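To start, the structure itself, in structure tokens.
Each chain gets a letter, A, B and so on, in the order its sequence line appears, and its residues count up from 1. These numbers were taken from a predicted model, which means no experiment stands behind them.
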Amino acid sequence: MEQLVNPYPGLLIWTWITFFVVLAILAWKAWRPMINALEKREAGIRGALEAAEKARQESEELTTKVEEEIRLSRYEAQQIISEARTVAEKIHGELEGAAKKKADELVDKAREQIEAERERTLREIRTTVVDLSLSLAGKVIERNLTTEDNKKLVEKSLRQIGKA
Amino acid sequence: MMSQEHSEDIGSIILHHVSNSEVLVPLHIFGLDMSITKHVIMLWVAGILVITAFLLGTRRYRREEMPVPSGFSNFLELVVDYVHNQIVVPNVGRQYARTWSPLLLAFFTLILTANLLGLIPFFDLIPGGGTATGNPVVTASLAAITFLAIIAAGSLAHGFIGYWKNLAPHGVPWPVLLILIPIEVLGMFVRPFALTMRLAANMTAGHIAMLAILAPIFLMANAWIGIGSVALNVGINFLEMIIALVQAYVFTLLSAVFIGTAINPEH
């Protein structure tokens, strides 16, 4: 038993020497560099994860933005189309109205012209008839002006022409 | 039959195995008895193994800014990472973790290596052998380092006076302090003493058990008993490997906890 618990000072000091030699060499050459590398790696991984998360969020935001813009431009396109349609319809209507008016005008003008022409023709015919009648009458009169019946007949004819 | 003389023989063989040897190389430095014994040699072997392993396995960490571990350095990194991130950081705190990690890594690697070396019968031949960490003197000197480290850690964090003030809780009536201060001071010594005895006893007990299980073969001079004894010892040897790991872990963890309580007093 004596050997087992013998407080032998040499062993105590040798333990310390061994321990501190191991500690000094390895703390300097192995453990500090390893802990540094571990912490650097940890920071690097954390940084990479954060960057990835940030990139994901950014792309999500961008997608939302692009979708919003597409929606907006689609709406705008719709707006433009419907506006154009309205304008086209308006123009169409206006054009139609103007054309109708113009046609009506043309028709009216034509009618007026026809009327005027007819008037003129009638006048001419009337003049011609009167002239003809007169010449005819002259000839008849020359022959039998005395006859009362003939006179009446001529007058009646003239009246009828004048009425027309 | 077992004679009285025979059993005394076995007892002394067992004791001889787990005890430190007689002086192998007498050495006196400055009047101190620094003689080399088998436990000193075993400590050296453990120290040299640890230093060699870590120096060879971490060349990359001294060369490169961002080293990628592979092979053996993977294993070493596992050890360093475990002690640093699972033992030191949670107990000591992140602020002082880098200060105390190397000390606790030295505890863990040296104790683990010495524990495991003690399980290899080969070292009985060169001369020496046995488990250095089974010697209470060795574990006492390691525990003394913990003892001093606790005081150093407390002084570093709160100043030398501040550390002693932190021993007693603040805002406690003085009659309570009369009881508390002796308890706390006693605790300062009980903790390293517990570390000393736990490690030494655990490392010695397994060896005694294994030798005692082998003893009947010789006591009864019957080779058939050997079948049972050896089978049992194979099992115990595996158990011993677990104990070697667990005790190295416990010593390191408790040292970290004690250092941590000096830095972050719970009062």
Next item on the list: Look up atom NE2 in His207(B) and atom CD in Glu240(B), then write down how far apart they are to the nearest 0.5 Å.
Entry: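 Rounded to the nearest 0.5 Å, the NE2-CD separation comes out at 5.5 Å.
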Check: Between Tyr82(B) and Tyr249(B), what is the ring plane arrangement, given parallel below 30°, perpendicular above 60°, and tilted in between?
Finding: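 Ring orientation, 0 to 90° scale: tilted.
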Can you say whether [X] sits under 4.5 Å from chain A via the side chain, the backbone, both, or neither, judging by heavy atoms?
| X | value |
| --- | --- |
| Leu76(B) | both |
| Arg59(B) | neither |
| Ala46(B) | neither |
| Leu105(B) | both |

Check: Does any N or O in the side chain of Arg62(B) come within less than 3.5 Å of the main-chain N or O of Leu55(B), such that one atom is a donor and the other an acceptor?
Finding: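 Between the backbone of Leu55(B) and the side chain of Arg62(B) there is a qualifying donor-acceptor contact (under 3.5 Å).
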Notebook entry, point to check: Counting only N and O atoms by type, is there a donor-acceptor contact under 3.5 Å from the side chain of Ser141(B) to the main-chain atoms of Val138(B)?
Noted result: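 A pair under 3.5 Å: yes.
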Check: If you count heavy-atom pairs under 4.5 Å between each of Leu110(B), Val83(B), Val40(B) and chain A, which one has the most?
Finding: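 Among the listed options, the one with the most contacts to chain A is Val40(B).
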Next item on the list: Give the member of Asn85(B), Val80(B), Val50(B) that has the highest number of heavy-atom pairs under 4.5 Å with chain A.
Entry: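 Sorted descending by pairs with chain A, the first entry is Val80(B).
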Next item on the list: Determine, for Arg41(A) against Glu77(B), whether the closest basic-nitrogen to carboxylate-oxygen distance falls under 4.0 angstrom.
Entry: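 Salt bridge between Arg41(A) and Glu77(B), a charged N being under 4.0 Å from a carboxylate O: yes.
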Item checked: Arg120(A) bridged to Glu117(A) by N-O distance under 4.0 Å ->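 So Arg120(A) pairs with Glu117(A) through a salt bridge.
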Item checked: chain B contact via Leu23(A) - which portion, at a heavy-atom distance below 4.5 Å ->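 Interface part for Leu23(A): both.
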Next item on the list: Determine the option with the most heavy-atom pairs under 4.5 angstrom with chain B, choosing from Thr18(A), Val22(A), Leu11(A).
Entry: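 Heavy-atom pairs under 4.5 Å are most numerous for Leu11(A).
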Note to self: I'd like to know which of Leu12(A), Ile25(A), Ile17(A) tops the heavy-atom pair count under 4.5 Å against chain B.
What the structure shows: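 Among the listed options, the one with the most contacts to chain B is Leu12(A).
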Check: Can the ring centres of Phe107(B) and Phe19(A) be said to be less than 6.0 Å apart?
Finding: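 For Phe107(B) and Phe19(A), the ring centres are under 6.0 Å apart.
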